[in-house]
Amino acid sequence: MLRLLVSRILAAIPLMLMVATLVFFLAQLNPVDPAATIMGDDADLESLAEKRAELGIDRPLVVQYWDWLNSAVVGDLGTNWFNGEEITTELRDRIPVTLSMVFGSLIVALAIGSAFGVLAALKAGRWPDRTITVASSLGLAVPNFWIGLVLAYYVGVKLQWLPAIWPTTRPDSLARWVEALILPCVALGISASAAIARQARSSMIGVLQRDYVRTALAKGLPVRRVVSRHAIRNAAIPVVTLAGFQTSALIGGSIFVEFVFNVPGLGRFGVDAILRQNMPALLGFVIVTAAVVVVVNIVLDLSYAWLNPKVRPE
Amino acid sequence: MSDALAGLGGSADAGALASPAPVPQESAAGATRSRFWARLLRNKVAMAGAIYLVLVVIAAIFAPLLTSHDETFATRFQDILFSPGEAGYVLGTDHVGRDILTRIFFGARYALIAGAEAVLVALVIGVPFGLAIGYFRGWADRIGMRFVEIVVAVPAVVMAMAIITGLGTGLTNAMLAIGLVFSMIITRLVRAEVFAAREEFYVDGARAAGASDRRVMWRHILPNVAPPLIVQTTLLFAQAVLAEAALSFLGIGADASQASWGRMLRDAELSIDRTIWPAIPPGIAIFLTVVAFNVFGDGLRDAFAREARGGRVGVGDVVPKERSAAAAPPRPPGSDDPLLILRGLDIVFPKPGEGTDMTVVRDVNLDIGRGEVMALVGESGSGKTITGLSLMGLVPDPGQASAESIVLDGRELVGMDFNDLRWIRGREIGIIFQEPSAALNPAYTVGRQVAEPLRVHLGMSKREARERAIELFAEVGIPDPHKRIDAFPHQFSGGMAQRVMIAMALSCEPKLLIADEPTTALDVTVQGQMLDLVGELARSRGVSVLLITHDLGVVADLADRVAVMYAGEIVETGRLTDVFATPRHPYTEGLIAAIPRNEPRSGDLPTIPGVVPPPWEWPDRCHFADRCPYEAIECRRGPVDLRQLGASLTRCERSHELELRGVQHAAVVAIAGWEQPTGEGEPA
Ligand SMILES: Nc1ncnc2c1ncn2[C@@H]1O[C@H](COP(=O)(O)OP(=O)(O)O)[C@@H](O)[C@H]1O
Ligand code: SF4
Ligand SMILES: [Mg+2]
């Protein structure tokens, strides 16, 4: 198990490097001068040049890249061009917010999606299955920021049950934190639940046709045990694969939900970085996102090994 | 397919995962194509999606004609927000007084154009890229896939945002970025399909025949790639529409002058403290359009795919049936106090593709004596397996079994429900299957699987069950039982896995063991040992055995009696020695002649041309007539009954006049072959 973990981590390092490289050079394609964006239109040439020197963007690209990479590997992602803050510090404040949103919705989506997917499979072709199938294809199509807007209006503004936007002061208790997270998580998690339900249904249907399920029945086990012991564990393998994709998708989706609910997470940070051509911020944002996805995938690889003895190292 | 924006990359993969059956290749062009259209047109949901999409296209094209308002025209009522219906605005206005209906129509333009841009970029890049790396493999593949891996290592939206930073914001740039990210999905898909197509022997066949590489590529690979590509393109279009809305909502897609649906939602947010209404129409427009693309894509996928079987925990028990025919059939020969008495078993399945039923097993009667080995022999497709399964109430869904009676050791099983039968399954009747490695659950150690019935039926503790399982392992000849018990099924060879199955089946000391082709999937070198083991264990424990096989040679030195099954019916039954020496049915004669002598076995009998026809082609008269060398006029009259002839029962009009060739039992044993392993492995 440890060997598996180490080898996965070793494989992740070059991947992260490549992502950083790709994004660094992609972002350079833009002809707009960041110094001009920062200083405004009426800055004279001299002060622009000064600014460029200050930011270090007058140096050759390769040098900039090397420099950035060298500090990045020791955890220093540079300074925000616009407010002078350390990018690493800014990200550190925002990561927990986004991650609690993403994992909150992932866990709920896994629970809801698997339960409904398994139910649909066990009732294949009958009304619970049809209802769940229709609901999940609708759930996949609804934009999360739209659900967010509607929830914010009805539950937040009209009913005033839950905050419609993230509290402006940092939530001071767990209760307030959870309260603020509920609506964003629901908006974010609907499509993930739908996707997981679909996957759980189809892999469960596949597993129920396998010979070993027939063997389990032939032993005289009750249906409940056949399903819970012999079918679910094998049906879970593709669901875990999907959960990996979904984590990535949820991180992407959180950007929009954060926008709706004014959540001070990674997404807003990333959008601001793009709108203002804030290169160090954008790089930091992408790297952190990639790191989260990589870590999640390593965790999933380990859970595969638990679910599927065939991939377990001897 | 997944979340709004979330979706993008990850989601499209989810879509691919969600369909377990790969889209098959359409090879027989004409007929398949017309069936494709028939299936698609019959799919009401997909057609509804298609019709909606046509309406969206019409709205997009004729937007300026459909309304008297202007896309961006802000009324003189700046800052006045009309409700729906007010002042002639059907859907009301937004917070700067722009007509919502007009903007919805124009929004369709942006959605479709943006979607088309993204999908086009994805195809133009992804298809050649995927074809190339799939075709050249090796280095091209390694480098190409590495690149794909890097791009998809971050969420699709995030990668798209990074690209947008480089290109600058704006609708076209945003969709270009989305298209670039999508092209990775297309690349992977095309590559996988090319790999699959390459495996097909005809690609290699065409290469060997000297066709140029390019021709091979276009003629053989593209038709295989097209169906999944079409499906994926449709689904990606849905994703692109979502992406357009999402990026415009953030303000990095459509700009303020463009009435995109996502932009409308962004504007609606500004007046959300007053009303939610301006957010509702664009939201629904996005939602419906995405649903329409998705259901149409799913419909395409289903239309391309061959029929898929659905399933729940699908097993049925045997329901009682009255005997309709006046004359009871002659009693199968055998002991006076059999362990199992089966009378009048019928099994029907729905005919594939139609609502009507087809009978796959008809009026089967069987007696199995105590301690006796009864062989049930017939070619594949005869109905042997489901006959065996029906004894345990395990007829696979949607099959339906009925019988007059199944008496096991004096107890009537017909009419028992699933839970009553649980105490029969595994406890009174044990079963082993053809594919031992598939019959064991890959997720658990074999020890746990063998211990399970002990715990459920005999109430043993975990420890006791484990000890007993180790003993059982030793009894079935698994070396090192203490260690092997904690191994997983994939760590066993076929023969060893079958021993595990035998241990499991015998664990609760059942009265009857059903062995369904126990050696067919095994290497020839272990087949003999396996049969000897089954025979020994059965004899030493006094267990009766129903030995199912397609190979009469297998039963020669094991069985006491034989029932020969063909196309759903018992055609001959009698003592083994009688059946071998004086077969009474032409099919039995054929089976005897086909006893393999160390020849690799295949489905067909070397002596009787053809195979068992599918159940819906079984005639009303003798089922064997089409393949029978002795067929004559009298064989065409109608259904043939089982009748007594000598010591056997046979279902043949001409049995009394035919001189069928048998074989001396001893001779069969000598030639049957498993005594002298040949070393030729038979692939499972
Ligand atoms: N799960 C099923 N669904 C539909 N038809 C089935 C199913 N199982 C068996 N059948 C039908 O019953 C026939 C006999 O099957 P089977 O008992 O497996 O034959 P055998 O074991 O003699 O090869 C098959 O040809 C098929 O038409
Ligand atoms: S009834 Fe006729 S066709 Fe059928 S097995 Fe007998 S001889 Fe052959
Ligand atoms: Mg069979």
Side-chain angles (χ1 to χ4, degrees), chain A residues 15 18-19 22-23 26-27 29-30 122-125 137-138 140-146 149 153 191-192 195 198-199 202 205-206 208-209 211-212 215 217-223 230 233-234 238 242 245-246 248-253 255-256 259 270-271 274 282 286 289-290 293 309-310, chain B residues 1-8 10-11 13-14 17-18 20 150 153-158 161-166 168 242 245-246 249-250 252 265 272 276 279 283 286-287 290-291 294 310-313 315 392 394 422 425-427 431 433 435 438-441 443 452-453 456-457 488 490:
Chain A
L15 181 70
M18 302 289 230
V19 169
L22 179 70
V23 172
L26 261 179
L29 289 175
N30 199 314
L122 294 177
K123 305 278 178 192
S137 53
L138 299 184
L140 286 175
V142 54
N144 64 16
F145 50 93
W146 184 60
L149 281 178
Y153 181 74
S191 63
R198 271 166 78 114
Q199 180 62 65
S202 80
I205 283 179
L208 288 177
Q209 287 167 353
D211 283 5
Y212 53 76
T215 306
L217 288 166
K219 288 183 194 174
L221 306 182
V223 170
H230 288 272
R233 189 143 159 193
N234 292 292
L242 179 68
F245 291 125
Q246 283 301 319
S248 181
L250 285 171
I251 293 173
I255 294 171
F256 307 94
F259 194 84
V271 176
I274 294 184
L282 178 82
V286 175
T289 325
V293 174
K310 273 187 216 169
Chain B
M1 314 232 356
S2 156
D3 189 322
L5 331 134
L8 312 191
S11 53
D13 283 316
L17 276 170
I150 294 164
V154 279
V157 206
V158 175
M161 283 164 70
I163 300 172
I164 292 170
T165 314
L242 274 177
F249 177 73
L250 290 186
I252 53 185
L265 286 176
I272 197 141
I276 184 76
I286 298 167
F287 173 65
V290 173
V291 170
N294 278 346
R312 31 189 178 240
V313 179
V315 292
M392 311 175 85
L394 289 180
R422 275 182 48 210
R425 294 186 199 114
R427 182 161 193 178
I431 187 165
F433 298 107
E435 289 277 357
L440 290 166
N441 192 326
E452 200 171 18
V456 170
H457 287 305
F488 286 94
H490 71 273

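Residue numbers begin at 1 in each chain, while the letters A, B, ... track the order of the sequences.
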Checked R422(B), H457(B), M161(B) vs chain A; the most non-hydrogen pairs under 4.5 Å come from R422(B)

What residue in V19(A), V271(A), L149(A) has the most heavy-atom pairs under 4.5 Å with chain B?
L149(A)

Checking heavy atoms, do the side chain of M392(B), its backbone, both or neither come under 4.5 Å from chain A?
side chain

When V154(B), T165(B), I163(B), V290(B) are compared by non-hydrogen pairs under 4.5 Å with chain A, the top option
T165(B)

Do F488(B) and L440(B) touch side chain to side chain, with heavy atoms closer than 4.5 Å?
no

Within a strict 4.5 Å, meaning less than it, do heavy atoms of the P155(B) and V293(A) side chains meet?
yes

So for F433(B), is it side chain, backbone, both, or neither that comes closer than 4.5 Å to the heavy atoms of chain A?
side chain

Could you look at V23(A) and say if it's the side chain, the backbone, both or neither that has a heavy atom under 4.5 Å from chain B?
side chain

Pairwise side-chain contact, T215(A) with N441(B), heavy-atom cut-off 4.5 Å (strictly under):
no

Side-chain heavy atoms of H230(A) within contact of E452(B), under 4.5 Å
yes

With the side chain counted from C-beta on, respond yes when V456(B) and K219(A) share a heavy-atom pair under 4.5 Å apart, and no when they do not.
no

Name the region of I431(B), side chain, backbone, both or neither, that has any atom closer than 4.5 Å to a heavy atom of chain A.
side chain

4.5 Å side-chain heavy-atom contact, V157(B) and I251(A):
no

Counting heavy-atom pairs under 4.5 Å with chain B, the top scorer among I274(A), L26(A), L282(A) is I274(A)

If we define contacts as heavy-atom pairs under 4.5 Å, which of P453(B), A439(B), A162(B), G426(B) has the most with chain A?
A439(B)

Proximal component of V291(B), with respect to chain A [non-hydrogen, under 4.5 Å]
both

Angle between ring planes, F256(A) versus F145(A), binned at 30° and 60°: parallel, tilted or perpendicular?
tilted

